[in-house]
There are 2 protein chains.
Amino acid sequence: MKKIQVLVAEDQAMVLGALAALLETEPDIAVCARAANGREALTLAGKHKPDILVTDIEMPEMTGLTLAAEVRERLPQTRVIILTTFARPGYLRRALDAGAKGYLLKDRPSAELADAVRRVHQGLRVVDPDLALEAWDSGPDPLTERERQILWRAGEGKSSGEIAEELHLSEGTIRNYLSEAISKLGASNRVEAARLARARGWL
Amino acid sequence: MKKIQVLVAEDQAMVLGALAALLETEPDIAVCARAANGREALTLAGKHKPDILVTDIEMPEMTGLTLAAEVRERLPQTRVIILTTFARPGYLRRALDAGAKGYLLKDRPSAELADAVRRVHQGLRVVDPDLALEAWDSGPDPLTERERQILWRAGEGKSSGEIAEELHLSEGTIRNYLSEAISKLGASNRVEAARLARARGWL
DNA sequence: AAACCCGGATGACAACTGTCACATCGCTTT
DNA sequence: AAAGCGATGTGACAGTTGTCATCCGGGTTT
């Protein structure tokens, strides 16, 4: 029986080693190489032609999303699984657009990783069900560009007056935008609004 | 030969499982239990009396730092190793104050984890050398425990009134603590204060 | 052209926030 | 015992924030 060859890419060395150890405990899976960033992963993928590439998103040199797109183009026989901390609908969409076959969260039980590898290897897609749901009912980004700019600055601790000056708007207008953003997000003040927006990947 | 009994606490389930798998590959180390947050870790530590507790810092319910302090008090025979993403001097300092025997970054090669476990088990301390240097010349944490509690909640977007209720203090007292924290940090409002404190690892 | 929508502005008002001076109260230090 | 200290509370005051109704001017739609 031939083992499924997996390449793992992850920038935190400790986590990379741990994920590799986790996959190696499976009898039908072998980790053929490890990469500490996207560029390295692309090189190693070319060399090893793995069946599956498991990759983080936020990495130096090249993000997992770019990596996925490159791999689809150059190594169509290698299937990509995104493994990330971020349950952001925006990331999920971009990952799928980039041709990723799986999107898995680091929050999920570790047993699911090997499962996902097997399923994707069989040609199935694996998308975190909670995230898919959340992406569905958290809906699209409700913030306008102005609201985003302003909420971002408010989240840094800037006052309405400072933001007004920075954006060449009146202070009252800033307050209006913030009020609108707070109400859209169901928050009770600017800080909570910023926190919620960040959590959903809208900031 | 008796294996070193290790309890691992980490809120990202996938990483938790992977770290456990990593440690299990060592012949002289056994993972006796796993916890998904600080409170669970404390309970399990009481039950299993592990030799070593490897814990993340940022976790729900109870942070790794609080956990370290509790463990020192209740289970002095268990030694704590902090394993975290954050190279923040303030975290290191607080970890050591809380009685942690090791402070390791997730950036480091995965082989160092087992090493650290062995060394700490032998009674040595293991602290990331770069971080130790940085911690030396950055100032001490200026915040009191109360200020930290309150600033933390303020940073989540809670109002003075909500925080007062939560901590059974008067609203005026909350405002006083926040005012003090803002002035200590040289910020101009609670949001900026929280941001600064977080960046330095004081929250 | 009339009707509408959009980004932006205004003013008023209540609520919340930040500051400060000053109490209390219990616990140490002298 | 007196003094000092730290944690907490109070009251007052000014400044900031959140909400709302309304207004204005420039494009679009009809």
Side-chain angles (χ1 to χ4, degrees), chain A residues 139-200 202-203, chain B residues 62-63 65-66 69-70 73 90 93-94 97-98 139-200 202-203:
Chain A
D141 185 343
L143 299 177
T144 67
E145 201 44 42
R146 267 295 192 221
E147 286 162 358
R148 204 186 324 286
Q149 283 178 2
I150 291 170
L151 192 52
W152 172 271
R153 287 166 173 79
E156 282 184 309
K158 290 183 174 150
S159 70
S160 304
E162 287 170 329
I163 300 174
E165 201 168 336
E166 198 171 338
L167 299 182
H168 309 295
L169 293 175
S170 88
E171 179 178 335
T173 301
I174 300 297
R175 297 221 298 276
N176 286 338
Y177 278 118
L178 279 172
S179 182
E180 184 62 20
I182 289 165
S183 120
K184 278 180 179 176
L185 295 168
S188 58
N189 57 53
R190 54 179 70 192
V191 186
E192 193 187 356
R195 200 170 56 82
L196 290 174
R198 267 194 291 262
R200 293 175 195 169
W202 294 334
L203 264 198
Chain B
M62 183 188 288
T63 77
L65 296 173
T66 313
E70 291 285 336
E73 196 164 318
R93 185 168 303 228
R94 281 204 280 152
D97 284 350
D141 184 344
L143 300 176
T144 67
E145 200 44 42
R146 267 294 191 225
E147 286 162 358
R148 203 187 324 286
Q149 283 179 1
I150 290 170
L151 192 52
W152 172 272
R153 287 166 173 79
E156 281 185 308
K158 290 182 174 152
S159 70
S160 304
E162 287 170 330
I163 300 173
E165 203 168 335
E166 198 172 336
L167 300 182
H168 309 296
L169 293 175
S170 88
E171 180 177 335
T173 300
I174 300 297
R175 297 220 299 277
N176 286 338
Y177 278 117
L178 280 172
S179 181
E180 184 61 20
I182 289 165
S183 120
K184 278 180 178 176
L185 294 168
S188 58
N189 58 53
R190 53 179 71 192
V191 185
E192 194 187 355
R195 200 170 56 82
L196 290 174
R198 267 194 290 263
R200 295 178 195 166
W202 295 333
L203 262 197

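A, B, ... follow the sequence lines: proteins, then strands. Residue 1 opens every chain.
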Mind checking what makes side-chain hydrogen bond (donor to acceptor under 3.5 Å, both in side chains) contact with Arg146(A), not counting sequence neighbours? Gln149(A)
Tell me which pairs pass side chain to side chain donor-acceptor pair (under 3.5 Å) where either residue lies in residues 176-186 of chain B, with sequence neighbours left out. Glu147(B)-Lys184(B)
Nucleic acid contacts of residues 176-184 of chain B, taken as heavy-atom distances under 4.0 Å to DNA chain D: Asn176(B), Tyr177(B)
Count the heavy atoms belonging to other residues, nucleotides or ligands that lie under 6.0 Å from CD of Glu145(A), then report whether that count exceeds 12. yes
Please enumerate all residues that pass side chain to side chain contact (heavy atoms under 4.5 Å, CB included) together with Ala98(B), with sequence neighbours excluded. Ala68(B), Ala69(B)
Output all residues satisfying side chain to side chain contact (heavy atoms under 4.5 Å, CB included) with Ala154(A), sequence neighbours left out; order by chain, then residue number. Ile163(A), Leu178(A), Arg190(A)
Quick one: pull up OG in Ser160(B) and CG in Leu169(B) and give me the separation to the nearest 0.5 Å. 11.5 Å
Rounded to the nearest 0.5 Å, what separates atom CG in Leu167(A) from atom OG1 in Thr173(A)? 10.5 Å
Covered region of DNA chain D, 5' end to 3' end, by chain A [heavy atoms, under 4.0 Å]: dT17(D) to dC20(D)
What is the minimum heavy-atom distance between Ile182(B) and Ala193(B), and which atoms define it? CG1-CB, 4.0 Å
Going by side chain to side chain contact (heavy atoms under 4.5 Å, CB included), name the residues that satisfy it together with Ala197(A), two or more places apart in sequence or in a different chain. Leu143(A), Leu151(A), Leu185(A), Trp202(A), Leu203(A)
Residues two or more places apart in sequence or in another chain: which of them pass side-chain hydrogen bond (donor to acceptor under 3.5 Å, both in side chains) with Arg198(A)? none
Non-hydrogen atoms of Ala164(A) and Ser170(A) that approach each other most closely: CB-C, 3.8 Å
Between Ala194(B) and Gly155(B), what is the shortest heavy-atom contact and its length? CB-CA, 3.9 Å
What salt bridge (charged side-chain N to carboxylate O under 4.0 Å, His left out) pairs are there with at least one residue in residues 157-178 of chain B, not counting sequence neighbours? Arg153(B)-Glu166(B), Glu156(B)-Lys158(B), Lys158(B)-Glu166(B), Glu171(B)-Arg175(B)
Residues within residues 146-169 of chain B bordering DNA chain C, heavy-atom distance below 4.0 Å: Ser159(B), Ser160(B)
Stretch residues 186-199 of chain B: residues that reach within less than 4.0 Å of DNA chain C through a heavy atom: Asn189(B), Arg190(B)
Reading DNA chain C in the 5' to 3' direction, which nucleotide is the first one with an atom under 4.0 Å from a heavy atom of chain A, and which is the last? dG7(C) to dA12(C)
